[in-house]
Structure formats: C-alpha cells, structure tokens
Amino acid sequence: MTDKTDPAITDVLAALAVELGITANRQPWSMDRIAALIDMPARRDLVTELLFGILPATIDAGQWIAWIQGDQPPVPASLQNPENSARPSARGAVQAATTKHQSAMDKVARLEAQLVQAKQEQVVAQADRQRSADQLRAVVVYRIMVEIGRQASGIALGPLYALARAVSPYLQQDLAFENALDDQGRILLNERRQTREQDSREMLDRLDRYAGEQALELKLHRAMLKVIRAFHDEREAENAAAREAGQRLPTVRKRQAVRRTSEAQQRDVHPAAPRADVIDVFDAFASLRSDASNDNDEPA
C-alpha cells in the first residue's frame, strides 16, 4: 500500500469506519471477529485489498457521505432470506441443492437395495443350476443303464446295478444300518471304509484279467450264490419274526418282498433300490482311473 491515498478512498474508508461503529453498538460481539482480522498488519492489508476488490472501480463518494449523514444507503440495508418465501421455487439455491442431494441419496439407496436383491437371486439361480446339472447327470446315467439293460441280451439291469454298487468304491452313509450292526459287522464296515478304493481297484483288475476263465466263473458263481442265499434266508427270517410280533415292516422291506418279472428286471432298477446316490456310485469308479499298482503293464 502507498502513503498517499485517493480522497475518494479516504471518504469510503471513513464511511466504513462509521459503519463499524454502528455495528459495534448494535452487535458488540461482532467486533471481536473484526478485531481479529485487523489485529496484525498483514491481515489488515489483506482485508483492505479484499474490500477494494469488492467495491466497484468507480464509486460515488457523495452518496456514501449522504448515507452517513442519514440519507438512504447506497445498497439495501439487508438481504431478504429466500427461505422465508412461501413458494418452493423461490427458496434459493440451498433448498435446490438439498433437494437434489436427497434425490441422489435416495437413488443410491434404491440401487443398492436392488443390487442386494440381485445378488440373492444370483445365489438361488446358481443353486438351481447346480441341482439341474446333477439331475441331468442322473438322468443320463440312468438312461445309459436302461439302454445297456435292453441291449445286453438278457443281462438284467436291476441285478447288474446291485453288483455295481458292491464293486464300486462308493460307500453309502446309513446311520440306522450302522447302529444295528453287531461288533463283527462294525469291524467289516470299518475295513471296507479303509480299503474300499484299493479293494475295488483290485477286483476290477482281476475281473478284467480273467474274463472268460471258467474256473474263476465257477468259483465266483458259487460264492455269490452262497452269499445271496444266506442273506435272503436271514432277511426272510427277520421279516417273519417281525410279523409274528405284530411289528410293521419298513417300506423298503415291503417293496423288496415284491418279485419282479425278468422283463422288469432288464428294464429298470428295483423300486426298493436307492437311486439318490446313483451318480456317486458311478463317479467313484472315476477315482480308480489313476491306478496306483505297478502290476498292470501289458505283456511284451
């Protein structure tokens, strides 16, 4: 700032000083803020420059002096608060910005809710897709088995499925069956759990090697027939004892009592046979593809 000040500016500063005095009388607390602004020379110079930037380039000093002497002020003494207007369109930029911000927040909340719902629907859709895929696999496996039974010249699908379950490394979970076992039965079951893959691989390998060997076929036929007859007689005795005691037979045993025709045996699996785990039964064979034994080399 220079030492020489334009007379017009001096008049304006004088008018501002008078206005500050009036403000001090009306609102004494405001002087503390004004004093803080001009407490230091650097702040005083900054405030002065800001005031010069606000004032127009050319001012009517006489108008300001007249205002000091009691005439009308050069600018309105106060501004009207737009919030006091009764019309929403006249409430100013603050209301407009508030409304727009609230609208944006509502939109974000709505989209977030839709996103949550979409994710939930995606989880359900993925589960449905997996169930449908499992069902499709089961249908395909089942149809293949049916077709094999039709074209295998008398090989019955039902009995073949029973043998497949016995040879497969798959072992179903049946708590009722396990709880009813005696000590010897639990020992056999535990051995089957521990060695089922090794045993299944060995049986399949030996059956593949000695296919057509009549000596094996005779022994295998006799062993299978003996086991099947013994199990059948034991089951019939249990059912008879239950009837005599007035106990109701389980639904599965009632279905097993039905003897089907050979045509039905070739066409389908017995209704009493479990079908929910048919995929697991045949998938278990896939685990045997990586043969761990070293005695399966082809002869030179």
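Worth knowing before you read on, the calculation uses all heavy atoms, side chains too, and leaves out hydrogens, waters and symmetry mates. Numbers for residues simply follow the sequence, beginning at 1.
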- Return yes when atom CZ of Arg229 has more than 12 non-hydrogen atoms of other residues, nucleotides or ligands closer than 6.0 Å, and no otherwise. no
Taking [X] for its side chain and [Y] for its backbone only, find out whether a donor-acceptor pair lies under 3.5 Å.
X	Y	value
Arg255	Ala272	no
Asp208	Leu204	no
Ser200	Glu197	no
Arg253	Pro250	no
Ser103	Thr99	no

- Message: Does anything in residues 213-222 form a side-chain hydrogen bond (donor to acceptor under 3.5 Å, both in side chains)? List the pairs, not counting sequence neighbours.
- Response: none
- Message: To the nearest 0.5 Å, what is the distance between CD1 on Ile228 and CG on Asp233?
- Response: 12.0 Å
- Approximate separation, where rounding is to 0.5 Å, of Leu220 CG and Leu225 CG: 11.0 Å
- Query: Between Arg186 and Leu181, what is the shortest heavy-atom contact and its length?
  - Reply: NH1-O, 2.8 Å
- Query: Between Asn190 and Gln194, do the side chains contain an N or O donor and an N or O acceptor separated by less than 3.5 Å?
  - Reply: no
- Does the distance from a Lys or Arg side-chain N to an Asp or Glu carboxylate O, for Asp205 and Arg209, drop under 4.0 Å? yes
